[in-house]
Amino acid sequence: MSRASRRLPRSFYEKDVLEVATKLLNKVVVSERDGLRLAARIVEVEAYRGAEDEAAHSFRGPTKRNATMFGPPGHWYVYFSYGMHWCANLVVAPAGTPHAVLVRAAEPLEGFEVMRERRPKARTDRDLLRGPGRFGSALGFTGADDGLDAVNGPIRVVDDGVAPPERPAIGPRVGITKAAEEPWRFWVPESRFVSATRRATNIRPD
DNA sequence: TAAAAGATCCCCT
DNA sequence: GGGGATCTTTTAT
């Protein structure tokens, strides 16, 4: 990244999950470990709203899997999906309020070689991180990363000066059956790195 | 103890 | 557009 970047403070994650989700758009995930530096810009997310959201893993209370969601904000909640993929969320709201934002797609910025090695099926760089399982794979997330601190840990979220879209595209979440009508998926409308194949149901009025 | 569902991806038609 | 891969977690018996 050519511009100066700064870490997001933990307070960034303490607001309403829908607001945090839209503000995470265009933020950058930076992973520095094993002597590798990877970076990717978040272009698509989904909000999961804890006890009020039947589609959230945390809806029925804490379990071994979802424990991180009940912890403090600004940490990675990583879970194993469909027997083969690792998906990564950012925990939102104070400890005890199990809200989270799933990262669904990102634009690769740094570490192309490593990402291509980890994603041999990707025909083009557009497909490296386009989808939550692909994002987890390209960035090297595994179950060992569940609970990692996204503020001070090896995989951080930073602001490199690119503002979130003024009017993010909004639509229903993907791959769920409960609360499937809630328009809690947000993406950067002009980005070609989004996984979205469905059109937006509306555009945010502010 | 068993069965079903699951915040997905990939290949085939 | 549809189905298989693959296995953990959750829910039902």
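Proteins come first, then strands; the chains are lettered A, B, ... in the order of their sequence lines, and each starts at number 1.
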(request) Look at the side chain of A:Tyr79 and the base of B:dA7, then say whether one donor and one acceptor between them are separated by less than 3.5 Å. (result) yes
(message) I want to confirm an ordering. Mapping A:Phe80 and A:Pro132 to their closest nucleotides on DNA chain B, which one lands closer to the 5' end?
(response) A:Phe80
(request) Rounded to the nearest angstrom, tell me the gap between atom CH2 in A:Trp76 and atom P in B:dA7. (result) 19 Å
(request) List the atom of A:Arg118, the atom of A:Gly140, and the distance in Å for their closest heavy-atom pair. (result) NH1-N, 3.4 Å
(message) Is it the case that the ring center of A:Tyr79 lies less than 6.0 angstrom away from the ring center of A:Trp86?
(response) no
(message) Ring centres within less than 5.5 Å and planes less than 30° apart: is that true of A:Tyr48 and B:dA7 in this structure?
(response) yes
(message) Expressed as a whole number of angstroms, how long is the span from A:Met84:CE to C:dG4:C1'?
(response) 8 Å
(message) Measure CD/A:Glu44 against C1'/B:dA7 and give the value in whole Å, please.
(response) 12 Å
(request) Can you tell me, in whole Å, how much space there is between the P of C:dT6 and that of B:dA2? (result) 22 Å
(message) Could you tell me how far B:dA4 sits from C:dG4 if I compare only their P atoms? Round to whole Å.
(response) 16 Å
(request) For A:Glu46 and B:dA7, give me the distance from atom CD to atom P, rounded to whole Å. (result) 10 Å
(request) In whole angstrom, give the distance that lies between atom CZ of A:Arg130 and atom P of B:dA7. (result) 21 Å
(request) Please state whether the phosphate of B:dA7, meaning OP1 or OP2, lies under 4.0 angstrom from any side-chain nitrogen or oxygen of A:Arg185. (result) no
(request) Could you tell me whether A:Arg10 and A:Asp149 have a side-chain N and a carboxylate O separated by less than 4.0 Å? (result) yes
(request) Check the distance between C:dT9's C1' and A:Trp86's CH2 and give it to me in whole angstrom. (result) 12 Å
(message) Need to verify one output field. Residue with the more 5' nearest nucleotide on DNA chain B, A:Ala88 or A:Arg119?
(response) A:Ala88
(request) Using a heavy-atom cut-off of under 4.0 Å over every strand shown, decide if A:Ile176 touches base, sugar-phosphate, or nothing. (result) sugar-phosphate
(message) Any base atoms under 4.0 Å from A:Gly83, or only sugar-phosphate, or nothing? Heavy atoms, all strands.
(response) base
(message) Rounding to an integer number of Å, can you tell me how far A:His85 NE2 sits from B:dA5 C1'?
(response) 15 Å
(message) Expressed as a whole number of angstroms, how long is the span from A:His57:NE2 to B:dA7:P?
(response) 4 Å
(message) Taking pairing as Watson-Crick or G-U wobble with both contacts under 3.5 Å, can you name the mate of C:dT6, or confirm there isn't one?
(response) none
(message) Please determine whether a side-chain nitrogen of the Lys or Arg among A:Arg116 and A:Asp125 lies less than 4.0 Å from a carboxylate oxygen of the Asp or Glu.
(response) yes
(request) Look at the side-chain N and O atoms of A:Arg134 and state whether any lies under 4.0 Å from the OP1 or OP2 oxygen of B:dC10. (result) yes
(message) So, does A:Thr63 get its side chain near the phosphate of C:dT10, meaning an N or O under 4.0 Å from OP1 or OP2?
(response) yes
(message) At less than 4.0 Å, is any side-chain N or O atom of A:Arg104 found next to OP1 or OP2 of B:dT8? Yes or no.
(response) yes
(request) Both distances under 3.5 Å, Watson-Crick or G-U wobble: report the partner of C:dT11, or none. (result) B:dA2
(message) Taking salt bridge (charged side-chain N to carboxylate O under 4.0 Å, His left out) as the definition, give me every residue that meets it alongside A:Lys23, ordered by chain and number, with sequence neighbours left out.
(response) A:Glu19
(message) Distance check, P atoms only: B:dA5 and C:dG3, in whole angstrom units.
(response) 16 Å
(request) Side chain of A:Thr177 only, please: which of B:dG6, B:dA7, C:dT10 is the nearest? (result) B:dG6
(request) Return each pair, listed once, that meets salt bridge (Lys or Arg N to Asp or Glu O under 4.0 Å) where at least one residue sits in residues 88-108 of chain A; pairs must be two or more places apart or across chains. (result) A:Glu44-A:Arg104, A:Glu46-A:Arg104
